[in-house]
2 protein chains.
Amino acid sequence: MRTVTIADVAKHAGVAVSTVSYVLSGKRAISAATRQRVLDSVRELGYHPNAGARALASKRAKVIALVLPLRAGMNLPVLMQFATSVVTTARQYDHDVLLMTADEGADGLHRVAASALVDGLLLMDVEIHDPRVPLLRKLAEPSVLIGFPADPEGLTCVDLDFARAGALCADHLAELGHREIALLGAPRVVYERGTGFAERTMAGFVEAARRHGLQADARPCEESFDEVHAAVKLLLDERPGLSGLVVHNEAATGHVLGALRILGRRVPEDVSVVAICPDDIAERASPALTSVLIPAEDVGRQAVRLLMAKLEGQAVPESTLLEPRLTIRESSR
Amino acid sequence: MRTVTIADVAKHAGVAVSTVSYVLSGKRAISAATRQRVLDSVRELGYHPNAGARALASKRAKVIALVLPLRAGMNLPVLMQFATSVVTTARQYDHDVLLMTADEGADGLHRVAASALVDGLLLMDVEIHDPRVPLLRKLAEPSVLIGFPADPEGLTCVDLDFARAGALCADHLAELGHREIALLGAPRVVYERGTGFAERTMAGFVEAARRHGLQADARPCEESFDEVHAAVKLLLDERPGLSGLVVHNEAATGHVLGALRILGRRVPEDVSVVAICPDDIAERASPALTSVLIPAEDVGRQAVRLLMAKLEGQAVPESTLLEPRLTIRESSR
DNA sequence: CCTTCGCGTCGAAGCGCTTCGATGACCTGC
DNA sequence: GCAGGTCATCGAAGCGCTTCGACGCGAAGG
């Protein structure tokens, strides 16, 4: 069973090859009658354009690269949600997604761009001093970054507004009347790496707390139960008056609740807890956690949209910050 | 800056286009001198073959599709590890990976195959009665499945030997002298969906326990703390003599430990716990869990190898089962 | 009535690569 | 010294598609 080509369709419909092409791309007017005849033939023969040929002739592969970090300390469920939404959104624009891991590094980006395998790049988990950023500027390949490097000048970046997220948590706790609050963040290594989002959350939190005149405290937090337990214990020992706790560390969220239980603090009676995490985790915890969700889907969708706009040659804003949303559940009062 | 083509390289090296092609593919003998000259030109000009043109002419895109499920109840970290190892291994064979989500369904498979976007398919999380399987047979596109459908006849399937994994746990507990043991599995929905691996683990466990003359019990297990707590409590109430517990549910693993702690059972003094999960989770738990690891990386690597072999036209075994490995840590004695 | 225009369609020229058959140059052995 | 055989290289024919310019035709305009 030889594969069906555009020539087969043309013959079957009794038109020229170019006519079929124009029907399919809509780049020239075609009479309704002809269009219908062609479309029928396409369906009947089960025609699918050959991707390579199309890419070669049109210089558009209809594929974008998704560069995932896949390294320690990352938040897998969020990453996954994100990847899903990227794929889904890309498909809506009739594009496919090539998966790349960051360990191919800059060479990898160069390779896929130079070989015209992809039309654009989507980089996740961009760091403050990301070695890929300078290359990106050189390549002049359309790209969108998730996260912010130190100097976003001339790039297109999307992210949740983490500063606002941190602030939102502090606002919420302040509103409830708490006077002493703290934030438990990502593992130390994440800060050392200079990943922007973790720092920005802390900064937003501290700043908002200061504005409200609260006593606040923000520190990294490792992910094993024992370390979480130790950290929570230390915190409670040092700050007896502490009554509000923000957790921005998915893996640790459950452990924090466990540690509080063991340390004899009730949630929310003794300590109010607010998490920054996806909704499903917050809902599954017990008690269900008041949370600021990380809108991975929105970010993915938005990133793809921006990239598509760039592929069309449209101008797009340099930075897009997505507004966080607080959902109140059982863990805060 | 026009992009460099093979013709540019040919001119620069003073040879024919076909000679450059043969140097690069190694499909015909080329004198050492010429080869070197061509290679130098390639480097100097920074030449990267155009993927579309190559695909068109050679009928090989050097891209494989990775079809991920991305639905509820899946084990994200494992999935991620798996995806990483697939990408890495594929790159070793000079192939790239196109990411597809299962919700594109059979149409999606058909599309990428018919458009020659990819040379082969890697399907994850195959179910017993998977709607994609019949299509796969029709397509005659080289493919490898992770997991086993009801009838693997004529397909190529790879998976961890879950029956052995379950058995290994039972063996281990029997050896330690436990007489009453139980297995807490995946959420009920996973069994209802007919995902093979969960069932096979249970079967292997039960069978091995029977062989050792142990009293055994295997049940599904949800993933919220409350439900896990309830399930563990019920189990201990019903089976006071229970002293060995196997957990085959990543999300629940931590909660089981928490529940036992709350219910006043020490691990491993009162109850020995064995988990079936990736090593990092087992190590991070406290106490560190004796575990059978899910070798996601091996599975990914093996799957890609098999697919590449098929692309070369080689015959490959219908089914490949990867041997599980038990690592003894602190949670069992 | 003839020119002009726009619409719908066609033919052909590539896009950059692989691959097949052909062509020399050079060696071997009788 | 020449037929036969290698070895290295070349030229050209596609692969299946897009796109540009051209063309025929009926409608509109003078």
Side-chain angles (χ1 to χ4, degrees), chain A residues 1-39 41-42 45-63 94 111-119, chain B residues 1-39 41-42 45-63 94 111-119:
Chain A
M1 189 183 86
R2 226 185 84 273
T3 100
V4 184
T5 75
I6 196 172
D8 299 329
V9 176
K11 201 179 303 167
H12 187 271
V15 299
V17 163
S18 48
T19 303
V20 176
S21 177
Y22 286 125
V23 166
L24 262 22
S25 71
K27 294 196 177 171
R28 276 197 190 179
I30 297 289
S31 69
T34 307
R35 136 175 276 95
Q36 196 50 57
R37 208 139 34 83
V38 169
L39 258 18
S41 297
V42 165
L45 301 179
Y47 168 69
H48 284 260
N50 177 293
R54 182 205 287 263
L56 180 56
S58 69
K59 312 203 153 306
R60 300 285 256 88
K62 295 218 176 203
V63 176
D94 197 23
R111 183 178 61 82
V112 294
S115 67
L117 230 191
V118 304
D119 302 324
Chain B
M1 191 182 88
R2 228 187 79 276
T3 101
V4 183
T5 74
I6 197 172
D8 299 329
V9 176
K11 200 179 304 168
H12 187 272
V15 299
V17 162
S18 49
T19 303
V20 176
S21 177
Y22 285 125
V23 166
L24 262 22
S25 71
K27 293 194 178 171
R28 275 196 190 179
I30 296 288
S31 70
T34 307
R35 135 175 278 98
Q36 196 50 57
R37 207 140 34 85
V38 169
L39 258 18
S41 297
V42 164
L45 301 180
Y47 168 68
H48 283 261
N50 178 293
R54 183 206 286 265
L56 180 57
S58 68
K59 313 202 151 306
R60 301 282 259 87
K62 295 217 177 205
V63 176
D94 196 24
R111 183 178 61 83
V112 294
S115 67
L117 229 191
V118 303
D119 302 323

### Message
With a cut-off of less than 4.0 Å, is there a side-chain N or O of B:Ser21 near OP1 or OP2 of C:dC17?
### Response
no
### Any N/O donor-acceptor pair, A:Tyr22 side-chain to D:dC17 base, under 3.5 Å
no
### Query
Atom CG of A:Leu117 to atom P of C:dG16: distance rounded to whole Å?
16 Å
### Query
Quick one: which of D:dC10, C:dG8, D:dT19 gets closest to the side chain of A:Ser31?
C:dG8
### Message
Let's see if you can work this out: which of D:dC10, D:dC17, C:dT18 has an atom nearest to the side-chain heavy atoms of A:Ala53?
### Response
D:dC17
### Query
For the pair made of CG in A:Leu56 and P in D:dC17, what is the distance, rounded to whole Å?
12 Å
### Pair of N/O donor and acceptor under 3.5 Å linking D:dT9 base with B:Arg28 side chain
yes
### Query
Which nucleotide, D:dT19, D:dA8, C:dC10, lies nearest any side-chain atom of B:Ala29?
D:dA8
### Query
In whole angstrom, what separates A:Asn50's CG from D:dC17's P?
6 Å
### Message
At 4.0 Å (heavy atoms only), tell me whether A:Val17 reaches a base, stays on the sugar-phosphate, or touches nothing.
### Response
base
### Message
How many whole angstroms separate atom NZ of A:Lys27 from atom P of D:dC17?
### Response
15 Å
### Query
Between atom NZ in B:Lys11 and atom P in C:dC17, what is the gap in whole Å?
13 Å
### Query
Any idea which of C:dT18, D:dA22, D:dT19 is nearest the B:Arg54 side chain?
C:dT18
### Summary
In terms of heavy-atom contacts, B:Val20 and B:Ala10 come closest through CG2-CA, 3.7 Å
### Task
For A:Lys59 and D:dT19, give me the distance from atom NZ to atom C1', rounded to whole Å.
12 Å
### Task
For side chain to side chain contact (heavy atoms under 4.5 Å, CB included), just list the numbers for A:Tyr47 and A:Leu24, CA-CA rounded to whole Å, side-chain angles, deciding distance to a tenth of an Å, and then say yes or no.
CA-CA 11 Å; A:Tyr47 168 69; A:Leu24 262 22; 3.7 Å; yes
### Query
Looking only at side-chain N and O atoms, does A:Thr19 come under 4.0 Å of OP1 or OP2 in C:dC10?
yes
